[in-house]
**Student:** 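Pasting a structure below so you can have a look.
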There are 2 protein chains.
Amino acid sequence: MTPPPPLTVSDDTLTERQKDVLDAALGLLVDGGDGLTMTGVARRASCSKETLYKWFGDRDGLLTATVQWQASKVRVVPVDRDTLDKRTLGIALEKFGRDWLTVLTGDTSVALNRLAVSHAGQEKRNLGRIVLENGPIGMARRCKPLLEAGRDAGLVKFDDADQAFRTFFGLVVRDTQIRMLLGEQRRPSEEQIAAQARRAREQFFALFGA
Amino acid sequence: MTPPPPLTVSDDTLTERQKDVLDAALGLLVDGGDGLTMTGVARRASCSKETLYKWFGDRDGLLTATVQWQASKVRVVPVDRDTLDKRTLGIALEKFGRDWLTVLTGDTSVALNRLAVSHAGQEKRNLGRIVLENGPIGMARRCKPLLEAGRDAGLVKFDDADQAFRTFFGLVVRDTQIRMLLGEQRRPSEEQIAAQARRAREQFFALFGA
DNA sequence: ATTGAGGCGTACCGTACGGTACGGTTCGGC
DNA sequence: GCCGAACCGTACCGTACGGTACGCCTCAAT
């Protein structure tokens, strides 16, 4: 008798061994979207398929747990909003953009988003939902308070925080993500990412600066 | 003896029957990414699998032809650049954004991009390349001359046309496409699309207006 | 030492699907 | 009318993979 896999998976609901298994799945996912098969994961993680089914229910449960496991790795960096002036707000936004672009263009993120996108096309919408929640929506949730704090401090000016955030998103990401997802080989360098984050900050202030 | 399928597929290299078959594949693709199987296409198009293999070589050839067929449907609307003032440039850019968002959020585009994204994760990079070419890259190719004409007419000001285009892309698309790809149900209404295109135009002129 | 749970490795089953073969039908050319 | 090409429908094959069963090992608890 095995309890059904938990609905949410995070750092402390998994044993070390289970984390190893999910890391194996992630690795398998990163180098070549195919090959991510139950047998493949079992071989890579040196465990038995039966264990996989016992722990994660079925293939979909394994994939879901893998996505959640990766999502739980990305930690939120809270922003100190007490000493907020135009300079620190700009620095925070620019760092935000830099971190975001770095994650977005990483192998793991690309592979994970590819998986979620392809699964969103079938019935199983849950992977897409999870990645959505930890992607754009999560970014919005962390970014909007910062923007609103900036507005409250009279540093920037906008009516709708959501619209402002989405504009910032567009200025940062532009066509980078879709190009990566579609297989563009060229990955932006660290310098290009930094330059792009700086441009996004400047442009955001040009549009919304008070 | 059948000649290998042509490397490029367009409106005039296909018979009507073949177009019907590809449209059947498109339809199958739109309602549920799975189900797009050789048997399924044959059944939906009322043709035999043998014919599919004769015409398109293998499954990958069929998919490639399908993507190219859809791409060939999207026609370019050339812009008259003789009578270019700030108003007409703005109108052209806004229409550009509106059309682009309308296509992006359409069922067919979403399904096609999902297919291309998932295939870009495996060896077969060609689908991604085709969609890339007809997506962001194609948009850039059509948009950049317009921007440069605007610059030559002293209406807008920028150093790098590519950077300017990508900014415009970001202002128009923002997180709309990735959200659709990840399965977000809510599709923007025609009014929202129009409003967004208008905002993108205003913001672009605010950033780059001479 | 015994025992039982947890887990590894492997063999196995059923199914779905890519790809092939073949008989039957339609149709244009002679 | 006759022939061959093209094509439809279907049956078939091989393989890959999701999922299950089972034998064996390890190890902790008693």
**Student:** To the nearest Å, give me how far apart NZ (A:Lys49) and P (C:dG9) are.
**Tutor:**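 Distance, rounded to whole Å: 14 Å.
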**Student:** For A:Arg17 and B:Arg59, find the nucleotide of DNA chain C closest to each by heavy atoms; which residue's nucleotide sits nearer the 5' end?
**Tutor:**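 Whichever sits nearer the 5' end wins; that is A:Arg17.
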**Student:** Please determine whether a side-chain nitrogen of the Lys or Arg among A:Arg141 and A:Glu133 lies less than 4.0 Å from a carboxylate oxygen of the Asp or Glu.
**Tutor:** yes
**Student:** Could you pick out which residue, A:Glu50 or A:Met38, lies toward the 5' side of DNA chain D when each is mapped onto its nearest nucleotide?
**Tutor:** A:Met38
**Student:** For A:Ser48 and for A:Leu36, find the nucleotide of DNA chain D with the closest heavy atom, then tell me which residue's nucleotide is more 5'.
**Tutor:**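 That would be A:Leu36.
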**Student:** Can you tell me if A:Trp55 touches the phosphate of C:dG7, counting only side-chain N or O atoms and a distance under 4.0 Å to OP1 or OP2?
**Tutor:** yes
**Student:** Between side-chain atoms of residues 160-167 of chain A and protein atoms elsewhere (two or more places apart, or another chain), which donor-acceptor pairs fall under 3.5 Å?
**Tutor:**
residue, atom, partner, partner atom, Å
A:Asp160, OD1, A:Asp162, N, 2.8
A:Asp162, OD1, A:Lys144, NZ, 3.4
A:Gln163, OE1, B:Arg174, NH1, 3.3
A:Gln163, OE1, B:Arg174, NH2, 3.3
A:Arg166, NE, B:Asp175, OD1, 2.7
A:Arg166, NH2, B:Asp175, OD1, 2.8
A:Arg166, NH2, B:Thr176, OG1, 3.0
A:Thr167, OG1, A:Gln163, O, 3.0

**Student:** Expressed as a whole number of angstroms, how long is the span from A:Tyr53:OH to C:dG7:C1'?
**Tutor:**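 It works out to 17 Å between those atoms.
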**Student:** Would you confirm whether B:Gln192, through its side chain, and B:Ser189, through its main-chain N or O, come within 3.5 Å as a donor-acceptor pair?
**Tutor:** yes
**Student:** What's the shortest heavy-atom distance between A:Val117 and B:Arg114, and which atoms?
**Tutor:** O-CD, 3.2 Å
**Student:** Salt bridge check, B:Asp31 against B:Arg44: does any charged N sit closer than 4.0 Å to a carboxylate O?
**Tutor:** yes
**Student:** How would you give the extent of chain B contacts on DNA chain D, as first and last nucleotide 5' to 3' within a 4.0 Å heavy-atom cut-off?
**Tutor:** D:dC7 to D:dG9
**Student:** Tell me whether B:Asp23 is salt-bridged to B:Lys19, with the criterion being a basic N under 4.0 Å from an acidic carboxylate O.
**Tutor:**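 Answer for the salt bridge query: no.
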